[in-house]
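Worth saying up front: this structure is predicted, and the values here are computed from it rather than measured.
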Amino acid sequence: AAGVACSLTASEMEDVQALVMKDKWREALGIMQKKGTNPNTSEDLRVVPLQCTCLMQLERHDEALDILDRLLKKRKGWAAGWLVRAKVLFDLGEYEKALESISDDVNGTKHLRKGAPRHLIDEARSLRDCITQIMASGANEHQRGNEAFQCEEFHRAAKHYRRAIQGQCDRQVLGTLHSNLSACYFKMGHMDVSTSEKMWKLALSHAEECIKLRPGWIKGLNRKSDAI
């Protein structure tokens, strides 16, 4: 389990940040996990965004959201927490929920207005603008996913396919997207043996969803056969 949060020394924090900058998510998360769980100091809260970023990049979104939701229940004014939560939801393609985390009211940005650093408010508004634009042109996400898949960038392809599903009503298109997601997770399962079981379960789940939407479609049946 990823835990809740951890205390890091200044040196350890620098090591984690350096690993994150190099996209070494698993190594960075490993350092944080060794420190245990103790979200009772302000120093711990500085670690959580890094921890959740690593979890998100490792396709462990549920764990990241669990950490954030538990902390935000007690710290509703934690601006950085709301912003990270929005990023995790955005990565999942859950745009409306992401917007709720950084939504506006008459006084400004709902969860960030009370003493939040200006750079967090600006980042939240930039993210909101980005989400709004993507929602307005969601049809492009399918094509972006295909392009990423052709380049064998399966993590990025899966993100685009998840986003393309949002708001899509056509059963055939939805079936195709779930088939594509199944293929992505199947490929990802072969890339990292430590996550193979999880990835192949996701591949099977999306293959079965594809079959529900497009019964008898040979590609969907093949996806399920591959994942089993």
Side-chain angles (χ1 to χ4, degrees), residues 1-92 94 97-98 101-102 109-128 130-131 148 152-156 158-159 188-199 202:
V4 178
C6 58
S7 298
L8 296 178
T9 65
S11 176
E12 288 168 337
M13 177 68 87
E14 289 179 2
D15 289 342
V16 167
Q17 290 173 331
L19 288 168
V20 168
M21 290 294 292
K22 296 177 182 178
D23 295 345
K24 295 185 177 181
W25 318 110
R26 195 175 304 284
E27 293 92 331
L29 187 61
I31 293 175
M32 289 182 276
Q33 286 178 322
K34 288 178 182 177
K35 299 299 291 186
T37 61
N38 179 26
N40 296 316
T41 68
S42 58
E43 287 78 15
D44 291 325
L45 294 183
R46 291 185 298 129
V47 177
V48 176
L50 288 171
Q51 190 176 17
C52 291
T53 296
C54 292
L55 289 169
M56 178 178 70
Q57 293 294 337
L58 294 170
E59 300 292 329
R60 293 163 63 179
H61 300 78
D62 289 347
E63 292 175 61
L65 289 173
D66 181 61
I67 291 170
L68 291 165
D69 288 344
R70 278 186 283 165
L71 289 173
L72 286 167
K73 282 182 181 179
K74 299 178 180 179
R75 300 172 174 82
K76 294 185 178 180
W78 181 35
W82 288 112
L83 179 56
V84 174
R85 186 176 189 273
K87 289 180 179 180
V88 175
L89 290 166
F90 172 70
D91 199 63
L92 281 170
E94 299 197 23
K97 290 182 180 180
S101 291
I102 49 175
T109 304
K110 186 175 180 181
H111 295 301
L112 308 178
R113 68 179 185 274
K114 294 183 179 180
R118 172 54 58 183
H119 75 275
L120 289 180
I121 294 176
D122 290 343
E123 190 174 353
R125 289 177 176 164
S126 294
L127 178 59
R128 188 177 63 249
C130 178
I131 293 172
E152 298 188 359
E153 296 180 10
F154 304 118
H155 283 85
R156 185 163 66 89
K159 291 175 183 178
M188 287 155 62
H190 284 285
M191 293 169 62
D192 185 348
V193 294
S194 67
T195 62
S196 292
E197 184 177 355
K198 179 180 180 180
M199 292 299 105
L202 286 169

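Between His155 and Gln57, the closest side-chain pair of non-hydrogen atoms is not below 4.5 Å. Under the 4.5 Å side-chain criterion, counting only non-hydrogen atoms from C-beta, Arg85 is in contact with Asp69. At a threshold of 4.5 Å between non-hydrogen side-chain atoms, the residues Leu58 and Thr195 do not count as touching. Residues Trp78 and Lys76 fail the side-chain proximity criterion, which asks for heavy atoms closer than 4.5 Å.
The distance from the CE atom of Met199 to the CD atom of Glu197 is 11.0 Å, given to the nearest 0.5 Å. Put simply, CH2 on Trp25 and CZ on Arg60 are 14.0 Å apart, with the number rounded to the nearest 0.5 Å. To the nearest 0.5 Å, atoms CD (Glu27) and CD1 (Ile31) are separated by 8.5 Å. Between the CG atom of Leu120 and the CD1 atom of Ile102 there is a distance of 11.5 Å, given to the nearest 0.5 Å. Of the inter-residue distances, the one linking Arg70 atom CZ with Leu68 atom CG reads 10.0 Å to the nearest 0.5 angstrom. A distance of 8.0 Å separates CD in Gln51 from SG in Cys54, rounded to the nearest 0.5 Å.
Other residues, nucleotides and ligands place no more than 12 heavy atoms under 6.0 Å from the NZ atom of Lys97.
The minimum heavy-atom distance between Val20 and Ala28, with the atom names listed, is CG2-CB, 3.9 Å. Closest approach of Val88 to Ala64, counting heavy atoms only: CG2-CB, 4.2 Å. Scanning all heavy atoms of the two residues, the minimum distance from Phe90 to Cys130 falls at CZ-SG, 4.2 Å.
By the 4.0 Å N-to-carboxylate-O rule, Arg156 lies close enough to Glu153 to be salt-bridged with it. At a threshold of 4.0 Å, the pair Asp91-Lys87 does not count as salt-bridged, since none of the basic side-chain nitrogens sits closer than that to a carboxylate oxygen.
Each of Asp66, Val47, Leu29, Ile67 was evaluated against Cys52; a single residue qualifies, Ile67, per the side-chain contact (heavy atoms from CB on, under 4.5 Å) test. Partner of Leu65 under the side-chain contact (heavy atoms from CB on, under 4.5 Å) criterion, chosen from Leu55, Leu92, Val84: Leu92.
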